[in-house]
Amino acid sequence: MKLSVPDYILSIKPYTPGKPLEELEREYGIVDSIKLASNENPLGPSPMAVKAIKNAIGKLNRYPDGSGHDFIQKISEHLGVSPKNVVLGNGSDEIIGMLACGLLQPGDEAILPHPSFLMYEITVRSAGATPVFVPLKLLSIDLQAIKNRITSRTRMVFLCNPNNPTGAVVYKKDFENFLKKIPPDVIVVVDEAYIEFVRDQNCAKSVEYLDNVRPLVTLRTFSKVYGLAGLRIGYGVMPDKIANLLNRIRLPFNTNSLAQAGACAALEDTVFFEKVITLIHQGLDFLYDSLDRLGVKYFPTQTNFILIDVCKDADEIYERMLRQGVIVRSMRSYGYPDYIRINAGLHEENVRFIKALEKSLK
Ligand SMILES: *Cc1c(COP(=O)(O)O)cnc(C)c1O
């Protein structure tokens with residue numbers, strides 16, 4: 001077969017997700033394994049979301065509301081923004097894709113912190129634009145260095161706050177300074193997939209800076225604190241001008257009716273939300289104590305996951321942990337060959353992780 005494929009598509013390395021539990025059990029013949037590799041919610045989905053999804057099933061013969069009217073209304077009330085500023089996505093990944101596809105073209109540059117979420121690079125390359133990597137400084141996004149790398153070709157800057165995989169935040173003061181200093185035509189995309197877990201009061205929340213003048217986009221997801229990763233739903237908050245552009249390229253029914261109903265209910269489920277936050281914070285504190293006891297270095301986090309320095313080949317530690325039925329994420333593909341990343345799980349999962357790590361490090 002002869003295919004004419006653009007070089008920029010050939011330059012893309014496919015995304016490798018965390019290993020699914022079913023795959024581990026199939027390949028290694030292990031039962032009762034646990035997964036701490038994809039920052040998923042260990043408590044399951046929001047019960048109110050589950051109920052709403054069950055109620056919506058009977059109407060699956062109908063197309064979803066393509067405009068997502070009711071759900072967008074709920075989000076806009078939740079955040080105190082206008083419905084015109086909200087765009088829904090099949091996960092926030094889809095919004096990242098729409099931003100790149102709708103606003104970047106070959107010759108354009110997009111600045112990405114490195115290491116950070118791998119989807120930014122994939123989508124920037126898919127649009128034929130050039131990713132420009134700016135290394136983290138002490139594991140945090142280096143806003144000063146990013147500002148210095150802006151040229152007349154820079155169209156977009158991605159910030160991940162807090163950053164995946166390091167868990168560090170961008171501070172309010174630094175973010176405000178950054179917004180003041182960058183050219184007014186550079187689109188700033190702030191991915192806040194983990195913002196609900198942040199304990200540091202000085203963390204920037206980009207929605208507060210939405211003014212329909214500066215090109216600022218906030219991304220949020222239902223995949224983490226709301227426990228709906230399998231449902232695929234997220235959204236972006238942005239000036240109406242950018243929202244209108246994205247709505248031109250958005251597939252008419254990109255978010256399905258179950259996802260809209262489930263996520264809408266999840267936003268109201270404050271009992272579940274609080275339960276998740278408490279569990280994760282207690283889990284992280286337990287993991288900190290246990291890692292201290294083992295003398296293993298880690299980076300304090302503002303998310304639901306921790307970056308751990310295993311001081312050994314992370315791929316090998318990953319393998320050893322797999323054999324004990326514990327799925328972690330090796331950070332080799334992120335450029336940290338000696339680090340693993342895990343999310344806080346249920347208490348018994350955290351205990352099991354620590355035991356397996358202790359054994360794997362011997
Ligand atoms: C998990 C995650 C997302 C969420 O993606 P969805 O497509 O909404 O599931 C987005 N950004 C980062 C940095 C993440 O870690």
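Atoms within each ligand, like the ligands themselves, are counted from 1 in listed order.
Checking only distances, E94 never comes within under 3.5 Å of ligand 1, N or O to N or O. Note: an N/O pair closer than 3.5 Å links T221 and ligand 1 by distance alone.
Atom 4 (C) of ligand 1 has S92 OG, 3.4 Å as its closest protein atom, hydrogens excluded (heavy atom only). The closest protein non-hydrogen atom to atom 11 (N) of ligand 1 is D191 OD2, 2.6 Å.
Ligand 1 lies less than 4.0 angstrom from a heavy atom belonging to R232. In this structure, C160 has a heavy atom closer than 4.0 Å to ligand 1. A heavy-atom separation below 4.0 Å is found between G91 and ligand 1. Heavy atoms of N39 come nearer than 4.0 angstrom to ligand 1 in no pair at all.
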Would F71 and F222 count as a ring pair (Phe, Tyr, Trp, His ring centres under 6.0 Å) if you check the C-alpha gap in whole Å, the side-chain angles of each, and the deciding distance to 0.1 Å?
-> CA-CA 13 Å; F71 180 37; F222 285 85; 5.6 Å; yes

Please test E94 against N254 for side-chain hydrogen bond (donor to acceptor under 3.5 Å, both in side chains), starting from the C-alpha separation and ending with a verdict.
-> CA-CA 9 Å; E94 193 194 18; N254 66 322; 2.9 Å; yes

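Using modelled atom types, no side-chain atom of D191 and backbone atom of C160 make a donor-acceptor pair closer than 3.5 Å.
Remark: the Q260 side chain and the T255 side chain contain an N/O donor-acceptor pair separated by less than 3.5 Å. Side-chain contact of E196 with Y226: a donor-acceptor pair under 3.5 Å is absent, judged by distance alone. With hydrogens and angles left out, the side-chain atoms of N164 and Y334 include no donor and acceptor closer than 3.5 Å. Between the side chains of K35 and S38, at least one donor-acceptor pair of N or O atoms lies under 3.5 Å.
Atoms of ligand 1 found under 4.0 Å from any heavy atom of S223 (numbered from 1 in listed order, with element): 6 (P), 8 (O), 9 (O). The atoms of ligand 1 that sit less than 4.0 Å from any heavy atom of N164 are 13 (C), 15 (O). Which parts of ligand 1 touch A193 is read off a 4.0 Å heavy-atom cut-off, strictly below it: atoms 2 (C), 3 (C), 10 (C), 11 (N), 12 (C), 14 (C). Under a 4.0 Å criterion applied to the non-hydrogen atoms of K224, ligand 1 contributes the atoms 1 (C), 2 (C), 3 (C), 4 (C), 14 (C), 15 (O).
Within a 6.0 Å sphere centred on NE2 of H69, other residues, nucleotides and ligands contribute 12 heavy atoms or fewer.
Nearest to atom 15 (O) of ligand 1 by heavy-atom distance, out of F305, Y194, Y235, is Y194.
Considering CG of D315 and CE of M331, their distance stands at 10.5 Å, rounded to 0.5 Å.
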